[in-house]
Amino acid sequence: MVSEDSGTADDEAALALKILVAGGFGVGKTTLVGAVSEIRPLRTEELLSEAGQSVDDTDGVDRKVTTTVAMDFGRITIRSGLSLYLFGTPGQDRFWFLWDELAQGALGAVVLADTRRLADCFPAVDYFEHRRIPFVVAVNCFAGARGHAAQDVSRALDLAPGTPVVLCDARDRDSGKEVLIRLVEYAGRKHTARLLDSVG
């Protein structure tokens with residue numbers, strides 16, 4: 001999603017880019033969007049219920065009491081004239097039908113990963129790879145989780161060469177902003193390469 005603002009240079013943003021934040025259940029997507037958003041984020045969280053116990057795997061996130069059922073939305077200005085609109089996807093597979101709508105017009109995506117439940121981010125990695133949407137993997141470094149180097153995570157996820165893997169703290173605004181900057185830079189390079197290939 002790219003929108004141009006025809007106002008003056010003092011207006012909020014001349015260019016807005018759409019970014020998805022995806023990953024498994026309980027990985028910190030809502031937290032990341034909330035931490036970096038300069039506006040009060042829109043959240044569609046509901047309490048976990050007994051009806052969902054059979055389908056929501058809460059191993060490792062047993063203190064989680066809510067879940068996103070549609071999306072999270074936030075906005076961050078990276079620099080003058082450039083804003084990112086952030087759309088956090090729901091993590092459970094029963095809500096994946098929403099992803100196609102959310103992904104329309106996206107510049108790229110952040111796949112948030114938890115090394116304690118790394119397999120939970122495979123569906124997001126597969127989704128973006130098959131649709132050729134540039135993405136970075138951001139490892140949310142939870143307290144008490146064993147540390148892993150970025151190259152180890154890349155190997156474990158069998159990522160394509162050059163796909164960035166960054167370590168982050170989803171609760172920290174500066175850490176989240178660094179992840180988003182890495183994504184915009186990477187997506188820019190990928191889109192430029194595709195454009196050059198199409199005219200070459």
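Both backbone and side-chain heavy atoms feed into the values below; hydrogens, waters and symmetry mates do not.
The local environment of CG in D126 is crowded, with over 12 non-hydrogen atoms from other residues, nucleotides or ligands closer than 6.0 Å.
Rounding to the nearest 0.5 Å gives a distance of 7.5 Å between CZ of F122 and CG of D158. Atoms SG and CG, from C121 and L157 in turn, are 4.5 Å apart once rounded to the nearest 0.5 Å. Interatomic distance, OH of Y85 versus NZ of K18, reported as 12.0 Å (0.5 Å rounding). With values rounded to the nearest 0.5 angstrom, L86 atom CG is found 7.5 Å from L32 atom CG. Of the inter-residue distances, the one linking F87 atom CZ with Q104 atom CD reads 12.0 Å to the nearest 0.5 angstrom. The CD1 atom of I78 lies 5.0 Å from the CD1 atom of I181; values are rounded to the nearest 0.5 Å.
Using a 4.5 Å heavy-atom threshold, the side chains of V110 and L180 count as touching. Between T77 and L82, the closest side-chain pair of non-hydrogen atoms is not below 4.5 Å. Taking 4.5 Å as the limit, some side-chain heavy atom of I19 sits within range of a side-chain heavy atom of L107. Using a 4.5 Å cut-off on side-chain heavy atoms (C-beta onward), L102 and F73 make no contact. The closest side-chain heavy-atom distance from V125 to E129 is below 4.5 Å. Side chains of V153 and T115 form a contact here, defined as non-hydrogen atoms less than 4.5 Å apart. The side-chain heavy atoms of V137 and L159, taken from C-beta on, include a pair separated by under 4.5 Å.
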Do K177 and I76 pass the side chain to side chain contact (heavy atoms under 4.5 Å, CB included) test, and can you show the C-alpha distance, the side-chain angles, and the key distance before you say yes or no?
-> CA-CA 9 Å; K177 190 172 179 179; I76 179 174; 4.0 Å; yes
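Closest non-hydrogen pair, R182 versus P164, comes out as NH2-CB, 3.5 Å. For L167 against C141, the heavy-atom pair with the smallest separation is CB-SG, 3.9 Å. Scanning both residues, I133 and G108, for their nearest heavy atoms gives CG2-CA, 3.8 Å. Closest approach of A103 to L20, counting heavy atoms only: CA-CD1, 3.6 Å. Summarising the geometry of A113 relative to L118, their closest heavy-atom pair is CB-CD1, 4.0 Å, with the distance given to 0.1 Å. V179 and C168 get closest at one heavy-atom pair: CG2-CB, 3.6 Å.
Under a 4.0 Å N-O distance rule, the pair R194/D197 does not qualify as a salt bridge.
Without hydrogens or angle criteria, T89 side chain to W99 main chain gives no donor-acceptor distance under 3.5 Å. Remark: the backbone N or O of V36 is paired with a side-chain donor or acceptor of R173 at under 3.5 angstrom. When atom types are taken as modelled, the side chain of K190 and the backbone of F135 share no donor-acceptor pair closer than 3.5 angstrom. Under a 3.5 Å cut-off, the side chain of N140 and the backbone N or O of A170 do form a donor-acceptor pair. The closest donor-acceptor contact from the side chain of S37 to the backbone of G34 lies at 3.5 Å or more, if one exists at all. At distances below 3.5 Å, not a single donor-acceptor pair connects side-chain atoms of S175 with backbone N or O atoms of D172. Listed for the S154 side chain is no donor-acceptor partner under 3.5 Å among the backbone atoms of A150. Put simply, the side chain of H191 never gets that close to the backbone of P134: no donor and acceptor are under 3.5 Å apart.
Looking at residues two or more places apart in sequence or on another chain, you find a side-chain hydrogen bond (donor to acceptor under 3.5 Å, both in side chains) between R171 and D169. In terms of the side-chain hydrogen bond (donor to acceptor under 3.5 Å, both in side chains) criterion, residue partners of D152 (sequence neighbours excluded) are, by chain and number, R155.
For the pair R131 and F128, the cation-pi test (distance below 6.0 Å, angle within 45°) is failed.
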